[in-house]
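Here's the structure we're looking at; comments come further down.
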Protein chains: 2
Amino acid sequence: MNKLTLEKIAKLAGVSRSTVSRVVNDHPNVKPEVRRRVQQVIDETGYHPDPAARSLAGQRSGIIGLVIPRAFQFLFTDPYYPRLMQGIAQACNTHNYILSLFLFHTEEEEQKLTPKLLRQQFVDGVILSALPTDDPLISQLIKNEVPTVMIGRPVDTLPVSYVDVSNVDGAFEAVDYLLELGARRIGAIVGPQNTMVGLDRCQGYLNALASRHIPADESLLIESDFSEAGGYLAMQQLISHQPDAVFVASDTMALGALRALREAGMSAPGDIAVVSFDDLPFAATADPPLTTVRQPIRRLGVQAVEMLIDLLQNGLRPPRHFTAPTELIVRQSCGAKIK
Amino acid sequence: MNKLTLEKIAKLAGVSRSTVSRVVNDHPNVKPEVRRRVQQVIDETGYHPDPAARSLAGQRSGIIGLVIPRAFQFLFTDPYYPRLMQGIAQACNTHNYILSLFLFHTEEEEQKLTPKLLRQQFVDGVILSALPTDDPLISQLIKNEVPTVMIGRPVDTLPVSYVDVSNVDGAFEAVDYLLELGARRIGAIVGPQNTMVGLDRCQGYLNALASRHIPADESLLIESDFSEAGGYLAMQQLISHQPDAVFVASDTMALGALRALREAGMSAPGDIAVVSFDDLPFAATADPPLTTVRQPIRRLGVQAVEMLIDLLQNGLRPPRHFTAPTELIVRQSCGAKIK
DNA sequence: TCTGTTTTTGGGAGCGCTCCCAAAAACAGA
DNA sequence: TCTGTTTTTGGGAGCGCTCCCAAAAACAGA
């Protein structure tokens with residue numbers, strides 16, 4: 001098959017391949033009428049530059065890597081991730097990048113693939129989904145000056161760009177709403193405390209109680225792992241402490257919590273009011289429909305790609321930050337039994 | 001940063017870059033002691049060949065593209081897809097391929113990205129998830145001789161490799177089980193009839209009825225779209241026809257079906273027995289837990305990658321086929337009220 | 001030892017682009 | 001018209017690999 005090259009386009013347009021390269025790359029110093037003539041040939045032929053040749057010649061590869069670290073591989077099947085990926089993919093498509101997926105299942109896989117990310121032989125930059133605060137991958141990426149954007153904020157000391165939602169505020173608003181409804185003995189099922197999102201949503205819960213001078217009861221605060229089964233087990237533990245409401249740090253854990261209530265012959269909101277986080281589509285169709293903190297997951301994905309492109313074009317420093325607001329979506333699960 | 005190249009490894013090993021290339025690519029005609037010496041330098045330095053250089057030099061890029069066509073982009077958030085992707089990613093990791101994701105959201109995106117797939121400038125081959133039987137993408141891939149493996153079988157006339165599960169048999173087994181339990185007025189909520197999986201699971205349902213000489217009742221057969229909302233609407237339609245059981249062609253639609261029953265003040269299996277397909281994790285924790293046809297989703301992903309690598313190494317013809325068996329998982333939702 | 005054959009190894013060339021520098025063209029002012 | 005400056009354009013070189021062909025080395029038999 002006869003492959004289109006800069007040279008071939010140059011011949012058709014009656015210029016040199018350097019001129020064609022200037023047009024393709026939108027360089028200045030090309031006479032307008034020459035630019036038009038070259039662009040017309042490009043449009044007519046459907047010519048695209050070869051990404052391997054560009055990469056080899058010092059240009060970038062045009063590939064963005066999305067890394068799901070090993071520690072949270074088990075959560076990859078949570079409905080959050082496809083939405084995040086849709087946002088990321090859509091922004092990649094808009095900005096002419098290809099999205100490559102790095103799913104680390106085992107330590108061996110991680111050790112095998114990490115050098116590819118660190119040496120940037122494949123990817124121009126990395127979008128890194130949430131990882132435990134002590135995971136060494138992020139500091140390796142920083143050390144190797146790999147352009148990186150994290151989904152979710154890192155530990156404060158790390159000079160890395162990130163996109164996030166306002167987890168502290170969102171959790172605060174959820175718990176505050178339960179307090180407004182008259183709940184007083186509010187429990188929480190939070191995420192892993194070795195993640196910033198776990199810490200932040202927990203902090204929001206604690207802040208809301210403190211703002212009403214309600215002391216936090218340790219027996220009402222259960223750490224879980226963002227899974228449905230984890231939510232189920234956590235609610236089983238909480239029930240015996242007789243909360244009148246529970247803040248659950250994700251919709252998926254909330255499904256598990258509702259299941260535990262059903263199995264105990266109880267229900268939300270009659271016995272225990274429930275408020276969760278995410279506003280995934282099943283939140284609206286759960287039994288009962290969940291009051292939840294909506295976060296703009298696809299928008300985070302889009303924003304991460306645009307932030308990464310900004311790093312690629314304008315340098316890694318200073319690190320960029322983007323924090324989206326959340327929105328409390330009130331449904332049936334939060335009706336409170338006021339004691 | 002000082003980049004490792006064949007030339008540098010050659011100098012360290014005291015051979016030429018051609019010899020190093022032979023070792024890296026496991027070519028014959030290298031003296032054993034030379035091979036060992038070169039391999040030791042490679043191991044010590046962590047050298048990897050540059051994929052862009054290999055691609056440009058005529059070798060392959062080492063990238064496999066996973067395409068989710070536009071028509072089913074709305075289903076990408078179904079929990080089926082992350083599992084499929086995990087299987088695909090795991091096999092790519094094992095076989096030293098990078099996985100690139102092509103999510104087509106709009107026709108414009110499809111037109112923009114399809115040439116990249118057809119001209120193979122990025123990917124060595126394509127894994128293509130299910131698409132409508134009339135989607136032109138598959139025949140474009142065939143015409144351009146792009147190594148392609150489909151998830152799910154295509155229309156019979158197409159000479160393309162695929163991996164699938166035994167949809168007809170699985171659906172047959174599910175419906176047959178309902179008949180064994182005494183159900184006689186069995187409805188079906190099936191997938192889009194412009195997809196082979198939709199047609200096949202429907203056929204299995206019809207085959208099971210026919211095997212017991214039970215005429216199919218058109219009013220009991222509802223075409224849906226594999227979504228939760230679609231399952232909900234379909235069950236709302238079915239209820240008025242008073243089936244004593246319903247075969248639902250996916251777990252996700254079954255969730256919607258259960259929600260419709262609840263809203264009608266009914267339940268499974270007391271009022272209407274329900275059997276579904278997929279055995280996604282929430283099938284076990286649904287209320288009631290779903291009897292469902294288990295399909296090995298991750299294994300399909302692994303198999304698709306290995307089939308694609310076989311095509312790349314041994315030629316596109318003849319097309320390969322792999323069909324995994326299914327397994328009926330019996331849970332509470334299928335208990336039947338025998339009239 | 002010599003000659004023909006086989007095995008092993010090395011280096012030229014090219015893949016398709018970008019960068020850089022120099023040449024050509026265009027322009028402006030004296 | 002001439003000269004100096006600016007703008008536009010072209011082509012050499014190289015990125016890091018693979019392929020191919022030729023050279024060198026090794027081998028075997030006379």
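So that the names make sense, note that chain A is the first sequence line, chain B the second, and so on, each numbered from 1. Just so we're clear, the structure is a prediction, and the values are computed from it rather than from any experiment.
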Measure all distances between protein nitrogen or oxygen atoms and nitrogen or oxygen atoms of nucleotides 10-14 of chain D, and list the pairs falling under 3.5 Å.
unit_1	atom_1	unit_2	atom_2	d
D/dG10	OP2	A/Ser16	N	2.7
D/dG10	OP2	A/Ser16	OG	3.0
D/dG10	OP2	A/Thr19	OG1	2.5
D/dG10	O6	A/Arg22	NH2	2.7
D/dG11	N7	A/Ser18	OG	2.8
D/dG11	O6	A/Ser18	OG	2.5
D/dG12	N7	A/Arg17	NH2	3.1
D/dG12	O6	A/Arg17	NH1	3.0

Margin query: Can you confirm whether B/Ser100 sits close enough to B/Leu66 that some side-chain heavy atom of one is under 4.5 Å from a side-chain heavy atom of the other?
Written below: no
Next item on the list: Could you check how far CZ of A/Arg37 sits from C1' of D/dT8, rounded to whole Å?
Entry: 13 Å
Next item on the list: Take atom CD1 of B/Ile42 and atom C1' of D/dC17, then tell me their distance rounded to the nearest Å.
Entry: 14 Å
Next item on the list: Could you provide the dot-bracket string of DNA chain D, using ( ) for intrastrand pairs, [ ] for crossing pairs and | for bases paired to another strand, with Watson-Crick or G-U pairs below 3.5 Å?
Entry: ||||||||||||||||||||||||||||||
Check: With a 4.5 Å heavy-atom cut-off, do B/Ile142 and B/Pro159 have their side chains touching?
Finding: yes
Note to self: Rounded to whole Å, please give me the gap between CD1 in B/Ile9 and C1' in D/dG16.
What the structure shows: 13 Å
Next item on the list: Report the residue (B/Val34 or A/Val24) whose heavy-atom-nearest nucleotide on DNA chain C is the more 5′ of the two.
Entry: B/Val34
Checklist line | Distance-only donor-acceptor check, side chains B/Gln90 and B/Gln86, under 3.5 Å | finding: no
Notebook entry, point to check: At their closest point, which heavy atom of B/Leu4 faces which heavy atom of B/Lys8, and how far apart are they?
Noted result: CA-CD, 4.3 Å
Note to self: Quick check for you: among C/dG16, C/dT9, C/dT18, whose closest atom lies nearest to any side-chain atom of B/Val30?
What the structure shows: C/dT9
Check: Between D/dG16, D/dC19, C/dT18, which nucleotide has the shortest distance from any of its atoms to the side chain of B/Asp50?
Finding: D/dG16
Notebook entry, point to check: Tell me: NZ of B/Lys11 to C1' of C/dT9, nearest whole Å?
Noted result: 18 Å
Next item on the list: Would you mind reading off the distance between A/Arg35 atom CZ and D/dT9 atom P, rounded to a whole angstrom?
Entry: 9 Å
Next item on the list: Grab the OH-P distance between A/Tyr47 and C/dG16 for me, whole Å please.
Entry: 10 Å
Next item on the list: Check for a donor-acceptor pair, side chain of A/Asn25 on one end and backbone N or O of A/Ser21 on the other, with a separation under 3.5 Å.
Entry: yes
Next item on the list: Grab the NE2-C1' distance between B/His27 and D/dC17 for me, whole Å please.
Entry: 12 Å
Check: Taking atom types as modelled, is there a side-chain donor on B/Gln140 or B/Asn144 under 3.5 Å from an acceptor on the other?
Finding: no
Checklist line | Nearest-0.5 Å distance that lies between atom CG in B/Leu312 and atom CG in B/Leu308 | finding: 4.5 Å
Margin query: Would you say that B/Leu137 contacts B/Phe104 through its side chain, given a criterion of any heavy-atom pair below 4.5 Å between the two side chains?
Written below: yes
Checklist line | Over 12 foreign heavy atoms within 6.0 Å of CD, A/Glu108 | finding: no
Note to self: Which label fits A/His321 and A/Tyr162: parallel for a plane angle under 30°, tilted from 30 to 60°, or perpendicular past 60°?
What the structure shows: parallel
Check: Below 4.5 Å, heavy atoms only, C-beta onward: do B/Tyr47 and B/Val41 meet side chain to side chain?
Finding: no
Notebook entry, point to check: Does any non-hydrogen side-chain atom of B/Arg17 lie less than 4.5 Å from one of B/Thr19?
Noted result: no
Margin query: In whole Å, I'd like the distance from the CG atom of A/Asn29 to the P atom of D/dT7.
Written below: 7 Å
Next item on the list: Determine: side-chain N/O of B/Ser21 to OP1/OP2 of D/dC17, distance under 4.0 Å, yes or no.
Entry: no
For nucleotides 24-26 of chain D, list the nitrogen or oxygen atoms of the protein found under 3.5 Å from its nitrogen or oxygen atoms, one pair per line.
none

